[in-house]
Protein chains: 2
Amino acid sequence: MFFGEYSYKVDEKGRVPLPPKFRRELKEGVILAKGMGEKCIAIYSIAEWKRLSDSLAAKAVTPANLRKLNRAIFGSAFSASFDGQGRITLPYSLREHAGIADTAIVVGANNRIELWSEDQWKPEKTSAEEQASQIIESFGV
Amino acid sequence: MFFGEYSYKVDEKGRVPLPPKFRRELKEGVILAKGMGEKCIAIYSIAEWKRLSDSLAAKAVTPANLRKLNRAIFGSAFSASFDGQGRITLPYSLREHAGIADTAIVVGANNRIELWSEDQWKPEKTSAEEQASQIIESFGV
DNA sequence: CCCCAATTCCCCACTTTTCCCCACAATCCT
DNA sequence: AGGATTGTGGGGAAAAGTGGGGAATTGGGG
């Protein structure tokens, strides 16, 4: 389970550290993927990635459908592992998709870690918090 | 279950003690979160946090909705544990959100502990007491 | 086929922050 | 009154954040 919000520098080589608490759950490496629907990078543990892609594949009804799905899912996914300093290297295509230049906001989101550019994260954060407090108000959690 | 109101110093490192009575229920550590809607820090036991986040996540209707909700819930949460002196360290972002500088008011609120700055707490306290007495009146407890 | 350039990967180094331990004064309980 | 617990402060060791260098690898061009 991942939580918390952190800010890290991305160096010229596209390397970014993850919080130590996250690393401890990800010793065997990670899968990087485009954030589906959002302009961010999604990071999964290997196990979680398998679970996700399996459950997605099970939903494909026709073979053509499945091939297309596989292309979308696996085509934008990369595996990565940590260097001695606890950093992973972000492929250029993903950095570009998320608009990440020299600073990355690392957000724990339960079963997933997300990387955002500062500019994209600010509005997303406020709108997410608005939605959450609306739900709290109306359902009285 | 948490009761009472206490006042503690927050030192330069952002550490704050919790009342011994609270600590005894929280030996396995705590989850710190933003008080949604209020300018305070909310503290939960691990078990209570899981219960809350699960019941919130259950309210999401679409996958995009759930992703956003997870961002708000998990993104603003941090885990913390006690040092040998019974203190926890408050992340800077949470201290800032609550406006806590060198003094924290610790308030027991049933399933939750809240940390307030002195300035924010005073008006909140009076308005909470007013509302409480109104509610009690109208329900005739 | 060989060589060179560009990239990737791994290691090293430095600075800052965090974490854990120790210390002392005040308070509470017996 | 005395011992144990609690509130508060600080120091030092360890870890984390950041930056860079050089060997290994890859790909393309001569």
Side-chain angles (χ1 to χ4, degrees), chain A residues 2-32 41 43 46 76-96 100-108 113-118 121, chain B residues 2-32 41 43 77-96 100-108 113-118 121:
Chain A
F2 305 107
F3 40 57
E5 179 187 329
Y6 308 83
S7 173
Y8 289 109
K9 288 257 174 189
V10 180
D11 64 26
E12 302 149 354
K13 300 178 182 176
R15 299 176 299 185
V16 67
L18 292 186
K21 284 182 184 177
F22 292 2
R23 295 205 288 259
R24 281 190 269 276
E25 298 189 38
L26 299 168
K27 292 203 180 83
E28 299 125 36
V30 296
I31 304 290
L32 309 176
I41 301 175
I43 302 181
I46 311 280
S76 72
F78 297 83
S79 76
S81 51
F82 294 94
D83 68 12
Q85 278 63 37
R87 294 172 294 196
I88 54 178
T89 301
L90 306 176
Y92 179 74
S93 61
L94 290 183
R95 260 182 291 159
E96 198 183 25
I100 292 175
D102 66 345
T103 302
I105 310 294
V106 178
V107 182
I113 300 166
E114 293 180 345
L115 301 186
W116 294 77
S117 74
E118 289 179 298
W121 173 239
Chain B
F2 305 108
F3 293 108
E5 178 186 330
Y6 308 82
S7 173
Y8 289 108
K9 286 258 176 189
V10 180
D11 65 26
E12 302 152 352
K13 299 179 182 176
R15 298 175 300 185
V16 67
L18 292 187
K21 285 184 181 179
F22 293 1
R23 294 205 287 259
R24 281 189 267 278
E25 297 189 40
L26 299 168
K27 291 203 179 82
E28 298 127 36
V30 296
I31 304 290
L32 309 176
I41 302 175
I43 303 181
F78 294 85
S79 75
S81 51
F82 293 95
D83 68 10
Q85 278 61 40
R87 294 171 294 195
I88 54 177
T89 301
L90 307 175
Y92 178 74
S93 61
L94 291 183
R95 261 182 291 158
E96 198 183 26
I100 292 175
D102 66 346
T103 302
I105 311 294
V106 178
V107 183
I113 300 167
E114 291 181 347
L115 300 187
W116 294 79
S117 73
E118 289 178 297
W121 172 241

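The sequence lines fix the lettering, A, B, ..., with proteins before strands; numbering per chain opens at 1. Atoms considered below: every heavy atom in the structure, side chains included; atoms not considered: hydrogens, waters and symmetry mates.
Taking only side-chain nitrogens and oxygens, Tyr8(B) never comes nearer than 4.0 Å to OP1 or OP2 of dT8(D).
Each of dG10(D), dG17(D), dT6(D) was ranked by its minimum atom distance to the side chain of Pro20(A); first place goes to dG17(D). Among the nucleotides dT6(D), dC22(C), dC19(C), the one closest to any side-chain atom of Arg87(B) is dC22(C). Taking every side-chain heavy atom of Pro17(A) into account, dT18(D) is the closest of dT6(D), dG22(D), dT18(D). When the nucleotides dA16(D), dT8(D), dG20(D) are ranked by their closest atom to the side chain of Arg24(A), dA16(D) comes out on top. Taking the side chain of Gln85(A) as heavy atoms from C-beta on, and the options dG10(D), dG7(D), dT18(D), the nearest nucleotide is dT18(D). Picking from dG11(D), dG10(D), dG19(D) the nucleotide with the shortest atom distance to the side chain of Arg15(B) gives dG10(D).
With Phe22(A) as the partner, the ring-ring contact (aromatic ring centres under 6.0 Å, His included) test is satisfied by one option alone out of Phe3(A), Tyr8(A), Phe82(A), Phe2(A): Phe2(A).
Residue Thr89(A) is the one, among Thr89(A) and Asp83(B), whose nearest nucleotide of DNA chain C lies closer to the 5' end (criterion: closest heavy atom). Comparing Lys9(A) and Lys13(A) against DNA chain D, the residue whose closest nucleotide sits nearer the 5' end is Lys9(A).
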Check step by step if side-chain contact (heavy atoms from CB on, under 4.5 Å) holds for Leu18(B) and Ile43(B).
CA-CA 10 Å; Leu18(B) 292 187; Ile43(B) 303 181; 4.3 Å; yes
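At whole-Å resolution of the value, CD1 in Ile88(B) and P in dG7(D) are 13 Å apart.
Judged purely by atom type and a 3.5 angstrom limit, Lys21(A) has no side-chain atom pairing as donor or acceptor with the backbone of Gly4(A).
Considering only heavy atoms from C-beta on, Leu32(B) comes within 4.5 Å of Ile88(B) through its side chain.
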